[in-house]
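Contents: one structure, followed by commentary.
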Amino acid sequence: MKILVCISNVPDTTTKIKLSADSKSVDTSGIQWVINPWDELALTRALELKETTGGAIEKVTVATVGTAEVEPTLRKALAIGADDAFRVDINPQDAYQVAAELTGLIKANPYDIILCGIESSDYNGSAVGGMLAELLGIASVSSVSSLSVVNGEVQLTREIDGGKETMVSSLPFTAIVQKGISLEPRIPSMRGIMTARAKPLQVVPSFGTESLTLISGFKLPAPKAACHIVDGENVKDLIRLLHEEAKVI
Amino acid sequence: MSILVYIENREGKFHKGAFELVSYAARIAKDTNTTVVALSIGEITKEEMSRAGTYGASKVITVNVPRLTALDNAAYTSVIEQAVSLEAATVVVLASGFTGKAIAPRLSARLKAGLVPAAVTVPVSYNPFVIRKKTFNGKALAEIQVNTAIKIITLNPNSFGLHEMPVSSEIVEFQPAFSERDFGTKVLSTDKQVGKVLLTEADIVVSGGRGMKGPENWGPIEELAGLLGAATSCSRPVADEGWRSHTEHVGQTGKVIAPILYFALGISGAIQHVAGVSSSKVIVAVNKDPEAPIFSVADYGIVGDVQKVLPELIDAVKAFKANA
Ligand SMILES: Cc1cc2nc3c(=O)[nH]c(=O)nc-3n(C[C@H](O)[C@H](O)[C@H](O)COP(=O)(O)OP(=O)(O)OC[C@H]3O[C@@H](n4cnc5c(N)ncnc54)[C@H](O)[C@@H]3O)c2cc1C
C-alpha cells in the first residue's frame, strides 16, 4: 500500500496576523511557516504504520500545492521521514483548487490511503480532504482519531457527536484526521535532515484547475474591551453582571 | 428557487443548533425573496418536523432509509445533491459541526458550488455573494466571495441565534436513489452517550485547567455545569495528564467551540488554548495570577484561588436560580 499525506504550509499559531495596506491580503513578512499541525500528526501516523505493519506500507509520500516558497515545509516533511514529495506549482486561490490540483496529481500517481488534516490553521476550512475524495470518486471518513492497517484492511475510529464509531472503508479512501491520530508530532532528527536533501522532491506543473471562491478582503476583529475584574469577595456580583449586563444567563 | 438547509435529527429530535440554521436560512431567503426548505435524514415524527416551521421553513423534507443510519459521507452527499436539484436550491446551509464538515466539501466538489466553511455572518452582500468567516484561528476575518450559481455555507454554531418566523410548513417524504459508489464505508460499532449536552453545541461551557490541581477537584466543575445546563471542557495538559477525557480538550489541537458563555477556571490562556475558545461570546476567567494571559481575552474576571471561588460561584448561581 502507498500512503499520501497532503501537507499545508501555514503560519505558526503564535504568529501575529497583520494585513496588507489595502486589506486584500495578509502581510506575510516575518511569518514563520510550519507544517499544518494536523498534517504533521497525519504524517507521523503514516510513518508509524509503515514501521509497524511489516512491509504492508511500501511508501509514504507527501504533497503540497504551492509556489517555491513552500518547499522548506516539504523538506521538513521529508526530514521527518516521508520517502518522497510532490509540489504542484501554483498559488491556489481556494480549497477547491487545492483539491483539484491534488486530484490531478493523484490520478497520475495513485495511492491507497490519502491523509488530510481536519483543518488548516490559516483558512480553517476543513474542506480539502472531502473535496479531494469527491473529485477522485472515492470514500472519505472525517474526524478520524485512529487509523490502523490490519491484514491489508484499514480500520478506523471517528469521533462523532457525543461519542465514537469504529469503521472500515473500501480502498482507496481519504481519511480526514484530527486529535488522537497520533500523540506527538515527530520532529526531524539530524540524520533525517541530512538525508532529506537527497530525497526526491518533484515539482509538477499545475493541472489547469479553477477556483470556486476568492477572498475579497480581510478584517481584523474589533479589539476586545478590557476585562471587567470582579472582586473575589463578591462573586454574586459576577452572576448579576452575567445576567443584567452581558445577558448570557 | 429555494434555500436548502440540512438539519440534523438526533434520536428523533431537532436541537437548538438545527433551529439556528433554519433561522439563518430564513434570513437569506427573506433577503433574496425565496423560501426555505429543510432536509432531515432519519426517523422523526411529523410533529417534530413541523417545529422547523416556527423558524421559517415552509417545507420539510424527510428521508428515512435504514442504510443512512450511520453517516457515509458520499451517500449523504448524494441525498443532499438530489434535494438541491429537486428544490432548485441556490444556497445550501449546513452546520459547521461533525456532519457538516464531513458532507459540505464533498457536496461543493460534486456540484461545483463554492463553499464558505465556518461562516460567522449572513451574506454581507448578495451581488457579489460575500460572507465573512474567521481565519487564522480567529485572528482575522476573511470575506469570501462565491462565484458559482449554487453556494454552500456551513455556519459556526451560536453565530446567528434563534429567530422565530412562524410559517406553515408542508412535510414531504423523499426516497433518494443511490449509486454504486455511495456507501464505501461501514460502521462496525458505535459508542455514544445520549442525553448529554454536546461540548461543540453547548450554550455554556465550564472549563478547567491545570490550576484545578487534580482530577479529584472536578466535582464542583461538574456541579456548576449541571446547574447551568452546561458542558464541561478542559485545557490540553489536563487531558494529557489523564485528569479528564480527551474528548473534553479544547484549543488548537482539540475542539474548537463557540459557546455564549465560557468559564476558564485555572487556565492560563495560552494562545493555543485561546485558538479554540476565542469565538465565545462572553469569557469569564478565574485565575490566581492577575497577569495570566486569559485576562486579556476575558470579559469578566476574578483574581483568586479557584478552589475558594468555585464554591462561591456555585452558591451564587443557586441563589440566582432560586430568585429567577
Ligand atoms: C503545538 C501546540 C498545540 C497546543 N494545543 C493546545 C490546545 O489545543 N489546547 C490547550 O489548552 N493547550 C494547547 N497547548 C498548550 C498550551 O500552550 C498551554 O501549555 C496550555 O493551554 C496550558 O494549560 P493550562 O492553562 O491548563 O495550564 P498552565 O499553563 O499550567 O496554567 C494554569 C493556570 O492556572 C492558574 N492557577 C494555578 N493554581 C490556581 C489556583 N489555585 N486558583 C486559580 N488559578 C490557579 C495559574 O496562574 C495558571 O495561569 C498547545 C501547545 C503547543 C505547543
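Chain letters run A, B, ... following the sequence lines, proteins first, then strands; residues in each count from 1.
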Part of A:Val10 lying under 4.5 Å from any heavy atom of chain B
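Neither part, no heavy atoms under 4.5 Å.
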
Interface moiety of A:Glu119 toward chain B, non-hydrogen atoms closer than 4.5 Å:
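The answer is the side chain of A:Glu119.
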
Measuring heavy-atom distances to chain A, does [X] have an atom under 4.5 Å in its side chain, in its backbone, in both, or in neither?
| X | result |
| --- | --- |
| B:Val284 | side chain |
| B:Ala74 | neither |
| B:Val130 | side chain |
| B:Leu261 | side chain |
| B:Ala75 | neither |
| B:Val282 | side chain |
| B:Thr148 | both |
| B:Lys321 | neither |
| B:Thr200 | side chain |
| B:Leu71 | both |

Most heavy-atom pairs under 4.5 angstrom with chain B, which of [options]?
| options | value |
| --- | --- |
| A:His243, A:Gln155, A:Glu210, A:Arg240 | A:His243 |
| A:Val230, A:Asp161, A:Ile17 | A:Asp161 |
| A:Asp122, A:Ile215, A:Leu132, A:Ile229 | A:Asp122 |
| A:Ser143, A:Gly163, A:Ser121 | A:Ser121 |
| A:Asn234, A:Ile138, A:Ile176 | A:Ile138 |
| A:Thr213, A:Thr166, A:Asp231 | A:Thr166 |

Greatest number of heavy atom pairs closer than 4.5 Å to chain A - which of [options]:
| options | value |
| --- | --- |
| B:Val146, B:Ile271, B:Asp305, B:Thr253 | B:Thr253 |
| B:Ala142, B:Ala113, B:Ala102 | B:Ala142 |
| B:Arg132, B:Lys139, B:Lys255 | B:Lys139 |
| B:Ile204, B:Leu228, B:Val297 | B:Val297 |
| B:Ala324, B:Pro117, B:Pro105, B:Gly254 | B:Pro105 |
| B:Arg10, B:Lys134, B:Lys192, B:Arg110 | B:Arg110 |

Give the minimum heavy-atom separation between [X] and [Y], together with the two atoms involved.
| X | Y | result |
| --- | --- | --- |
| B:Ile302 | A:Gly232 | CG2-CA, 3.6 Å |
| A:Gly162 | B:Leu198 | N-CD2, 3.3 Å |
| A:Gly137 | B:Arg181 | CA-NH1, 3.3 Å |
| B:Val317 | A:Ile239 | CG2-CD1, 3.6 Å |
| A:Met131 | B:Ala109 | O-CB, 3.7 Å |
| A:Cys227 | B:Gly301 | SG-N, 3.5 Å |

NZ/NE/NH1/NH2 to OD/OE distance under 4.0 Å, [X] and [Y]:
| X | Y | result |
| --- | --- | --- |
| A:Glu134 | B:Lys112 | no |
| A:Glu184 | B:Arg236 | yes |
| B:Asp299 | A:Lys224 | yes |
| A:Glu233 | B:Lys308 | yes |

Mark yes or no for whether [X], through its side chain, and [Y], through its backbone, hold a donor-acceptor pair below 3.5 Å.
| X | Y | answer |
| --- | --- | --- |
| A:Asn124 | B:Phe136 | yes |
| B:Lys101 | A:Gly130 | no |
| B:Lys133 | A:Tyr123 | yes |

Around A:Asn151, counting heavy atoms of other residues, nucleotides and ligands shown, do more than 12 lie under 6.0 Å from its CG?
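No, the 6.0 Å shell around CG holds no more than 12 heavy atoms from other groups.
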
Give, for atom OH of B:Tyr300 and atom CG of A:Leu241, the distance between the pair rounded to the nearest 0.5 Å.
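These two atoms lie 5.0 Å from each other.
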
Nearest 0.5 angstrom please: B:Ile103 CD1 to A:Ser140 OG, how far?
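If I round to the nearest 0.5 Å, the distance is 10.0 Å.
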
Would A:Val168 and B:Thr185 count as a side chain to side chain contact (heavy atoms under 4.5 Å, CB included) here? Give the steps.
CA-CA 6 Å; A:Val168 287; B:Thr185 68; over 6 Å; no

Do you know which of B:Thr190, B:Asp191, B:Leu188 makes side chain to side chain contact (heavy atoms under 4.5 Å, CB included) with A:Glu165?
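Among B:Thr190, B:Asp191, B:Leu188, the one that satisfies the side chain to side chain contact (heavy atoms under 4.5 Å, CB included) with A:Glu165 is B:Thr190.
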
Report yes if the side chains of A:Lys164 and B:Thr247 come closer than 4.5 Å at any heavy-atom pair, otherwise no.
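With C-beta onward as the side chain, the pair stays apart.
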
